[in-house]
Protein chains: 2
Amino acid sequence: MPKVGMKPVRKQQLIDATLESIGEFGLQSTTIVTISRIAGLSSGIISHYFGGKQGLIEATIMHLLEQLRLALLAQISAKPIDANERLKIIIAANFTPFQRSTPAIKTWLSFWTESMHDPKLRRLQNINSKRLYSNLLFSFRQLLADDAAQVAAKQTAAMIDGFWLRCALSTKPEAEFKQAEQLCKSFIDEQINSLN
Amino acid sequence: MPKVGMKPVRKQQLIDATLESIGEFGLQSTTIVTISRIAGLSSGIISHYFGGKQGLIEATIMHLLEQLRLALLAQISAKPIDANERLKIIIAANFTPFQRSTPAIKTWLSFWTESMHDPKLRRLQNINSKRLYSNLLFSFRQLLADDAAQVAAKQTAAMIDGFWLRCALSTKPEAEFKQAEQLCKSFIDEQINSLN
DNA sequence: TTTTATTAATTGAACGTTCAATTAGTTTCT
DNA sequence: AGAAACTAATTGAACGTTCAATTAATAAAA
């Protein structure tokens, strides 16, 4: 069975399996056995490629953060867009199907919980949190005075995260997510049109 | 040591110890031993009063929800207040020192994570989520048209939860919480004054 | 072209630890 | 005495890690 050059393939395979396991059982009940069974590999392989269970969990979280970053990058660098449009894209990137998925939701929640104790994860969390704010501020600055832009960026960031959280925890996330994305976009229009 | 009528005293003692243990070690690393040691009691007493560890955890979460409910009730039923003032009180109730405390933060995060798998907790979570929205809607209806009131209530609820989350996860929560409360209140004023 | 050596990939059983729950026994109050 | 409160020790299951063994691929040597 063993082929050469399996390393990147196996690592991705195990990260996908981890997301799937967390989606099904939650992080609490995710063991190296549930992960390796989903991946169709042995349990020992996790320590071999990630140094242990914790290493795999951290890699999975980094994958989550990277997905969010790439979702933005993919749409923004495509063509020249105005500030208003850019703001709407930032919102959309936070509500992609991947971010709405059960595995992603459960992993995000576990990530936040764990980040309270793990300095490594806390650092990642803060980078991610500030990135959303910075991205919003950059665009708001082109539409509002500096003071107003800062306030708007903070309020928008909170509204995005808050809606995401409330939808993720709701009983019917699909419909709620859709409406939430719309209400975030409305808020931005309100902010900009309040110049009247 | 054993005295008669200790039941309610011990139960509260154990709930407080659970909050403290979660605050120090997190739910993941909180065991019946860490809790009972903080409470100054034996580990067996947990099963005696709560049927097991899970029962105590659930009771602790219910205590958390109750604290939030009471924080509102205490201030609202005091004197007659206008709608605007009432909205500010709702916000303040979500940012009390207790809700900003590390034990409360860690327990809330763990609660949300657990509620994804535990139907009992999920039910509690939804009741709590809807209560915030209902309270906001009630007051907004006295200031805005029905459609606008619904939108404003949803946006405000998201902003409260979002700010709370972002502050809870930040590196310097004290200062951020203070500013967040202010920004939530500003948002409400903006919503109301947009009638011009 | 075989043969031999070496490396990469992978397995899965054994081990030690952790932890919740149980149980039997002790103390105090009525 | 008997009920209520509580302790401390024990049990057994679950889990992550480790590691010796195995298999396959590649490289080197003959």
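Chain identifiers are assigned alphabetically (A, B, ...) following the order of the sequence lines, protein sequences preceding nucleic acid strands; residue numbering begins at 1 within each chain. Values below: all heavy atoms of this structure, side chains included; hydrogens, waters and symmetry mates excluded.
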Q.
From CG of B:Leu41 over to C1' of C:dT27, roughly how many Å is that when rounded to an integer?
A. 15 Å

**Q.** Atom pair distance, as rounded to whole Å: CD in A:Gln13 and P in C:dT10
**A.** 8 Å

(Q) Would you say B:Arg10 places a side-chain N or O within less than 4.0 Å of OP1 or OP2 belonging to D:dA5? (A) no

Q.
Just to be sure I understand the rule, does B:Thr30 reach a base, reach only the sugar-phosphate, or reach nothing, if contact means heavy atoms closer than 4.0 Å?
A. sugar-phosphate

Q: Would you mind reading off the distance between B:Gln28 atom CD and C:dC19 atom P, rounded to a whole angstrom?
A: 10 Å

Q: Rounded off to whole Å, could you give me the NE2-to-C1' distance for the A:His48 and C:dG12 pair?
A: 15 Å

Q. OG of B:Ser186 to CD of B:Gln179: how many Å apart, nearest 0.5 Å?
A. 9.5 Å

Q.
Measuring from the side chain of B:Ser42 (C-beta onward, heavy atoms only), which nucleotide among C:dT22, D:dA8, C:dT11 has the closest atom?
A. D:dA8

Q) Is A:Gly44 touching bases, backbone alone, or none of the nucleic acid, heavy atoms closer than 4.0 Å? A) base

Q. With respect to the side chain of A:Tyr49, which nucleotide from C:dT22, C:dA9, C:dA13 is positioned closest?
A. C:dA9

Q) Rounded to whole angstrom units, what separation is found between the CD1 atom of B:Ile45 and the P atom of C:dT23? A) 16 Å

Q.
Working note: A:Thr113 + B:Ser110, criterion side chain to side chain donor-acceptor pair (under 3.5 Å); need CA distance, chi angles, decisive distance, verdict.
A. CA-CA 6 Å; A:Thr113 305; B:Ser110 300; 4.8 Å; no

Q: Please report, rounded to the nearest Å, how far the C1' atom of C:dA9 is from the CD1 atom of A:Ile46.
A: 15 Å

Q) What does A:Thr31 touch in the nucleic acid at a heavy-atom separation under 4.0 angstrom: a base, only the sugar-phosphate, or nothing? A) sugar-phosphate

Q. Pick the nucleotide of DNA chain D nearest each of A:Ser47 and A:Ser29; which residue has the one closer to the 5' end?
A. A:Ser29

Q: Starting at atom CD1 of B:Ile35, determine the distance to atom P of C:dT18, rounded to an integer number of angstrom.
A: 18 Å

Q | Presence of salt bridge, B:Lys120 and B:Glu58, under 4.0 angstrom | A | yes

(Q) Checking side-chain polar atoms at under 3.5 Å, does B:Arg10 have a donor or acceptor matched by the opposite partner on B:Gln13? (A) yes

Q. Rounded to the nearest Å, what distance is computed from the CD1 atom of residue A:Ile32 to the C1' atom of nucleotide C:dC15?
A. 13 Å

**Q.** Any donor-acceptor N or O pair under 3.5 Å, side chains B:Lys130, B:Asn126
**A.** no

Q: When you get a sec, tell me which of C:dA13, D:dA9, D:dC6 is the closest nucleotide to the side chain of B:Ser43?
A: D:dA9

